[in-house]
Amino acid sequence: MRTFVGGRPAVVLFFVLSGFVLDIVFQRVAQTPYLDYAWKRFCRIYIPFAAAILLAALLTALAVNQGVAGLSEWFHGKSWTDPVSFELIVAHLSMDGIASHSSLNNVMWSLVHEMRISLAFPLVMLVVLRGVPATLAAIAIVLLFTELTAPLVTPDTLLASLNATLYYSTYFAAGALLSVRRDDVARRASEMKPLWVLATIAVCVTLLAVPPGIKGSEFLFGIASVVLIALGANVLQRFLNVAPLVWLRRVSFSLYLVHLLILLATFRIFDGVLSPLGISLLVIVVSLAATELCLRLVEMPAMSLGRRLPLSKAKGAPFASP
């Protein structure tokens with residue numbers, strides 16, 4: 001069960017998948033100047049994020065402050081714990097990765113790393129395009145470096161957050177390498193016997209169920225994620241093309257931004273009015289509706305802005321391929 005409800009394995013899977021998708025984006029915009037590439041990523045990620053933070057600040061200011069009986073410390077102690085102020089909003093918008101600067105929408109910690117790595121992604125591709133040995137060697141060096149430096153930096157600081165970003169960049173690199181070699185990977189996956197495919201998936205699901213607190217667990221999550229994505233490109237393609245899942249893929253970023261806000265607000269508003277089950281069902285309905293609104297009113301206009309206002313008129317790739 002932990003495989004399907006654990007937050008950390010899902011984030012690692014998301015990072016590997018992001019690297020896979022960003023490679024496809026990178027190949028499509030290979031002749032785009034870096035400033036234009038960075039501007040599009042800024043519009044794609046930061047503008048919807050900023051809108052979600054402003055919405056979170058509004059909901060926090062309007063929220064009923066009393067606790068909701070029966071809910072965990074995570075609900076009461078991780079979100080909406082600080083009075084809304086201009087300084088708090090600015091601290092969130094700075095994306096500095098400090099825990100106290102994520103209380104308005106605490107899922108943003110992973111987006112901080114996503115934003116930084118996506119802006120530096122051409123550097124990741126500079127390594128990935130040099131082949132499997134170079135990529136694996138770079139991943140090993142970065143993992144060793146971040147493991148050695150982590151105890152030397154003060155926890156919950158900008159420097160600690162940047163060190164974590166460097167660490168998580170290895171998962172993006174693994175996903176990008178998988179994307180670069182996707183034709184070969186798909187061919188090899190198609191040659192696997194169904195029994196071996198099922199056995200491999202079972203092992204990966206088991207790895208994703210490892211408790212996050214165990215040392216090395218995220219590395220196991222990363223291995224499982226790479227293998228699942230490699231198999232998924234071939235085995236799960238038809239399943240993922242079912243209409244509801246296509247819609248969920250389209251709105252996934254907006255859902256990521258608003259789902260926690262809807263959950264926190266709905267439980268506070270309807271506590272004592274509806275049963276916990278009723279509130280949970282309402283959270284799902286409202287989250288899906290709010291997601292579609294966020295997509296149409298914020299995310300799509302932000303992406304359109306990135307396409308309409310290029311920062312550079314020059315031609316040339318962010319980094320030349322080797």
Side-chain angles (χ1 to χ4, degrees), residues 10-49 95 97 107-132 134-136 138-139 142-143 162 164-186 218 221-223 225-230 232-233 237 240 248-257 299-300 302-307 310-311 316-322:
V11 169
V12 172
L13 177 61
F14 168 75
F15 284 160
V16 176
L17 188 60
S18 292
F20 188 96
V21 173
L22 277 173
D23 167 67
I24 297 173
V25 173
F26 181 83
Q27 292 179 27
R28 190 169 64 241
V29 299
Q31 298 305 314
T32 301
Y34 176 75
L35 282 178
D36 290 349
Y37 165 81
W39 170 246
K40 289 179 180 179
R41 298 312 300 168
F42 175 85
C43 292
R44 178 71 179 87
I45 297 175
Y46 189 83
I47 293 177
F49 158 75
M95 296 186 97
V107 299
M108 65 174 276
W109 75 267
S110 60
L111 192 61
V112 170
H113 301 301
E114 168 87 9
M115 181 72 185
R116 293 170 180 168
I117 297 170
S118 66
L119 290 176
F121 195 72
L123 288 175
V124 175
M125 290 305 301
L126 198 63
V127 175
V128 170
L129 291 175
R130 278 163 171 73
V132 176
T135 304
L136 295 181
I139 288 175
V142 170
L143 289 176
L162 291 172
T165 297
L166 182 60
Y167 164 76
Y168 286 121
S169 70
T170 60
Y171 297 114
F172 282 74
L177 180 63
L178 190 61
S179 177
V180 168
R181 302 295 300 268
R182 60 185 177 274
D183 291 338
D184 183 52
V185 169
E218 287 193 349
F221 300 156
I223 293 175
S225 298
V226 168
V227 175
L228 285 175
I229 292 171
Q237 185 173 5
L240 293 176
L248 278 176
R249 292 207 310 269
R250 185 169 66 94
V251 303
S252 58
F253 184 46
S254 291
L255 180 60
Y256 164 88
L257 291 173
E299 189 177 348
M300 291 176 66
M303 289 189 290
S304 178
L305 178 65
R307 291 190 296 267
L311 298 185
F319 287 87
S321 301

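Starting from 1, each residue takes its place in the sequence as its number.
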Any donor and acceptor pair, going by atom type alone, linking the side chain of Tyr171 with main-chain N or O of Glu218 inside 3.5 Å?
yes

Output for pair (His113 NE2, Leu162 CG), nearest 0.5 Å, gives 9.0 Å

For Ala173 and Val128 the tightest heavy-atom approach is O-CG2, 3.9 Å

Report task. Determine the interplanar angle of the Tyr168 and Trp109 rings, folded into 0 to 90°, and report it as parallel if under 30°, tilted if 30 to 60°, perpendicular if over 60°. Result -> tilted

In short, Leu129 meets Phe26 closest at the heavy-atom pair CD1-CE2, 4.3 Å

**Message:** Quick one, Tyr167 and Leu143 - any side-chain contact, counting heavy atoms below 4.5 Å?
**Reply:** yes

I'd like to know if the side chain of Ser304 reaches the main chain of Met300, judged simply by a donor and an acceptor atom lying under 3.5 Å from each other, with no hydrogens or angles considered. no

**Message:** Over 60° means perpendicular and under 30° means parallel, so tell me whether Tyr37 and Tyr34 are parallel, tilted or perpendicular.
**Reply:** tilted

For Gly131 and Thr135, the nearest pair of non-hydrogen atoms, with its separation, is O-OG1, 2.8 Å

When rounded to the nearest 0.5 Å, the distance separating OG1 of Thr165 from CG of Leu119 is 11.0 Å

Separation between CD1 (Ile117) and CG (Leu22), nearest 0.5 Å, reads 9.5 Å

Separation between CZ (Phe15) and CZ (Phe221), nearest 0.5 Å, reads 13.0 Å

Residues at least two apart in sequence or cross-chain that pass side-chain contact (heavy atoms from CB on, under 4.5 Å) with Ser179, listed by chain then number, are Phe20, Asp23, Ile24, Arg182

CZ of Phe49 to CE of Met115, rounded to nearest 0.5 Å, is 9.5 Å

Checklist entry - Looking only at atom types and distance, does a side-chain atom of Arg116 sit under 3.5 Å from a main-chain N or O of Ser169, one as donor and one as acceptor? => result no

Val226 and Ala174 have their tightest heavy-atom pair at CG2-CB, 3.9 Å

Rounding to 0.5 Å, atoms CG (Leu305) and CH2 (Trp39) come to a distance of 5.0 Å

Nearest heavy-atom approach of Gly306 to Lys40 is O-CG, 3.5 Å

Here the pair of heavy atoms bringing Val127 nearest to Ala138 is CG1-CB, 3.6 Å

Side chain to side chain contact (heavy atoms under 4.5 Å, CB included) assessment of Val251 paired with Glu299: CA-CA 9 Å; Val251 303; Glu299 189 177 348; over 6 Å; no

>> In the structure I gave you, are the side-chain heavy atoms of Tyr256 and Leu111 within less than 4.5 Å of one another anywhere?
In response: yes

